[in-house]
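Here's the structure, in structure tokens; my notes come after.
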Amino acid sequence: MTVLAIDQGTSATKAAVIDGDRVIGLADVAVAVHSGTDGSVELDPEELWASVLAAGSAALAQAGHPTIDAVGLANQGETVFAWNRRTGAPLGRAMVWQDRRSADVCAHLAAHGPRLAAITGLDLDPYFVAPKLVWQREHVPASESADATITTSDVWLLHRLCGAFVTDVATAGRSLLLDLDTGAWSDEACAVFGIDPADLPRVVGNAEPLGTTTVFGAPMAVTGACVDQQAALFAERCRRAGEAKCTYGTGAFLLACTGDRPVRSANGLVGCPAWQLGDHLTWCLDGQVFTVGAAVTWLQQIGVISEPADLDRLGGAVADSGGTTFVPALAGLAAPFWKPYAKAAFTGMSLATERGHLVRAAIDGIAAQVALLARAVAADLGAPLQVLRVDGGLTRSATLLQAQADLLQAPVEVYPSPHATVMGVAEFAAIGADLAFADPTVGSAAPQVIEPRLHADEAEARLSAWLEVAAATMDR
């Protein structure tokens, strides 16, 4: 069994060739993201496509161009753009999931928020797809409107790969248009946004034949598709109710499996499909921190740090933040607050504040938000998390991992590979092609586990202090 797995992410596309239980080819191609003062966060769809081709080709070349039995594609979820259904050409830049320009759409439809949450499990927020669809619809040139379709990025990428016009159920669950209980488009939710369900892509499972691609040379079956965070949840074996993981990438995303039942959160999280295998649907709870790796990049851009390694070199060199607090609301605050107009803030500084204190405050601010997401999961499911599995580039920071365990007051278990999303969609592709899959990370090494060192009372005091500062950033 040989699988080509592609993870098309916010800032890069990663591709891996997996042969049996070995990764024999791996490539990573950067993607440029453009941010504006108007709340825009955009990228060029053609650059996305070029990155998919380049990463896939490079991984295959490194692997020696083996025969590929299955292809899987993971996507970044809520990124939306218009394209010509007849020619496949994009009709402008894509709105990345962090883009806030559709906030006015949400404000206009605010009265529908409770009903939409009941149907879809999601809060009415610019983060999700439908408000972006409306915004894009209003900005498609009239000369292009006849052949225009507006979709998430996965639909367009799959269309270019194999001609399909589909989206997987986990990605569709990020739209504010999907019925959480049935995994099908909701006529009622679509009507709120003025969308005809017949214009939407067909919703498919995460592991089934979707078509054949020849973009990498020989014909290859495309048999797996999933939004990135649910693919990582699957890879990290969080497949029973109460098992949870957090990915620290451009943002941080904590997902907890709820098993065979959908849960509509009463604590600021969102409920959504996790995956569908055959006719069997599994659900999860989801909480988001919009700017995590993006906050680290911002710290680099303004000169606080020179590279991500400074999180430990500077932030780990001080005992604490010296009274400084950082709220990383650089693109608003997501779960459990849902405050799109919140602003980032450093507070509590004095003449004694050093760079290390600022870096430590940033680390603690990230860890605090994730700990609050875990607390919301516990409230919704009726039991605290016993362990949090973590993955993503920032898990290389020992200081962040310790801060996370301390504020979480539970062990943090590090996934033994930086490629959780790739492994998850690779397994979906293998299942869709009716192939056995051996995860290369399983049994490769004992997982790294970080235990809390901070007393529970001190952890509670730090979370309360962070919340007090965060509340001040939420006023519009």
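Predicted model, so just to flag it, every value in this text is computed and none were measured.
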| query | Quick one: are S265 and V270 in side-chain contact, heavy atoms under 4.5 Å? | reply | no
| query | Distance only, no hydrogens: is a donor on one side chain within 3.5 Å (strictly under) of an acceptor on the other, for Q229 and T247? | reply | yes
| query | Is there a donor-acceptor contact under 3.5 Å from the side chain of T473 to the main chain of A470? | reply | yes
| Taking NZ, NE, NH1 and NH2 as the nitrogens, is one of them in D286 or R174 under 4.0 Å from a carboxylate oxygen of the other? | yes
| Would R264 and D181 count as a side chain to side chain contact (heavy atoms under 4.5 Å, CB included) if you check the C-alpha gap in whole Å, the side-chain angles of each, and the deciding distance to 0.1 Å? | CA-CA 10 Å; R264 288 164 173 81; D181 295 313; 3.0 Å; yes
| Should the ring pair W275 and F234 be called parallel, tilted or perpendicular, given that the plane angle runs from 0 to 90° and is split at 30 and 60? | perpendicular
| query | Within the distance-only criterion (no hydrogens, no angle test), does the side chain of T297 pair as donor or acceptor with the backbone N or O of G293 below 3.5 angstrom? | reply | yes
| note | CG of L176 to SG of C190, rounded to nearest 0.5 Å, is 10.5 Å
| query | For the atom pair CG (L254) and CG (L269), what is the distance rounded to the nearest 0.5 Å? | reply | 8.0 Å
| Should the ring pair F253 and W97 be called parallel, tilted or perpendicular, given that the plane angle runs from 0 to 90° and is split at 30 and 60? | perpendicular
| task | Test salt bridge (charged side-chain N to carboxylate O under 4.0 Å, His left out) on R100 and D125 and set out the steps. | result | CA-CA 9 Å; R100 314 307 291 165; D125 187 86; 3.2 Å; yes
| field | Plane angle bin for F81 and W156 - parallel if under 30°, tilted between 30 and 60°, otherwise perpendicular | value | perpendicular
| query | Is there a donor-acceptor contact under 3.5 Å linking the side chains of Q8 and Q76? | reply | yes
| task | First locate atom CZ of R389, then atom CG of L255, and finally report the distance between them rounded to the nearest 0.5 Å. | result | 13.5 Å
| F193/L116 under side chain to side chain contact (heavy atoms under 4.5 Å, CB included): CA gap, chis, key distance, verdict | CA-CA 11 Å; F193 296 98; L116 287 170; 3.8 Å; yes
| field | Test salt bridge (charged side-chain N to carboxylate O under 4.0 Å, His left out) applied to R360 and E354, step by step | value | CA-CA 10 Å; R360 184 58 178 268; E354 302 173 357; over 6 Å; no
| query | Please walk me through it: do R237 and E427 pass salt bridge (charged side-chain N to carboxylate O under 4.0 Å, His left out)? | reply | CA-CA 11 Å; R237 297 298 188 271; E427 186 163 1; 3.4 Å; yes
| task | Evaluate the ring planes of W83 and H159, with Trp represented by its six-membered ring, and classify them as parallel (under 30°), tilted (30 to 60°) or perpendicular (over 60°). | result | tilted
| said: Could you check whether D99 and S40, counting side-chain N and O atoms only, form a donor-acceptor pair closer than 3.5 Å? | reply: no
| query | So do the side chains of R396 and P308 get within less than 4.5 Å of each other, counting heavy atoms only? | reply | no
| In terms of heavy-atom contacts, does CD of E468 have more than 12 from other residues, nucleotides or ligands at under 6.0 Å? | no
| Flag side-chain contact, heavy atom, 4.5 Å: V31 against T13 | yes
| request: Kindly check if the number of other-residue, nucleotide or ligand heavy atoms within 6.0 Å of NE2 (H108) is above 12? | output: no
| request: State whether a side-chain donor-acceptor pair under 3.5 Å links T152 with N75. | output: no
| request: Might you work through the side chain to side chain contact (heavy atoms under 4.5 Å, CB included) test for L401 and Q448, ending with a clear yes or no? | output: CA-CA 10 Å; L401 292 176; Q448 178 189 8; 4.3 Å; yes
| request: Could you give me the CA-CA distance, side-chain angles and deciding distance for L178 and T120, then say whether side chain to side chain contact (heavy atoms under 4.5 Å, CB included) is met? | output: CA-CA 6 Å; L178 194 82; T120 70; 5.8 Å; no
| Just wondering, do R137 and I195 contact through their side chains at under 4.5 Å, heavy atoms? | yes
| field | Enclosure of R453 CZ (heavy-atom neighbours >12, cutoff 6.0 Å) | value | no
| said: Any heavy-atom pair between the side chains of T395 and Y415 that's under 4.5 Å? | reply: no
| Does the pair E42/R101 count as a salt bridge with the N-to-O cut at 4.0 Å? | yes
| task | Mind telling me whether W338 and F290 have parallel, tilted or perpendicular rings, with 30° and 60° as the class edges? | result | perpendicular
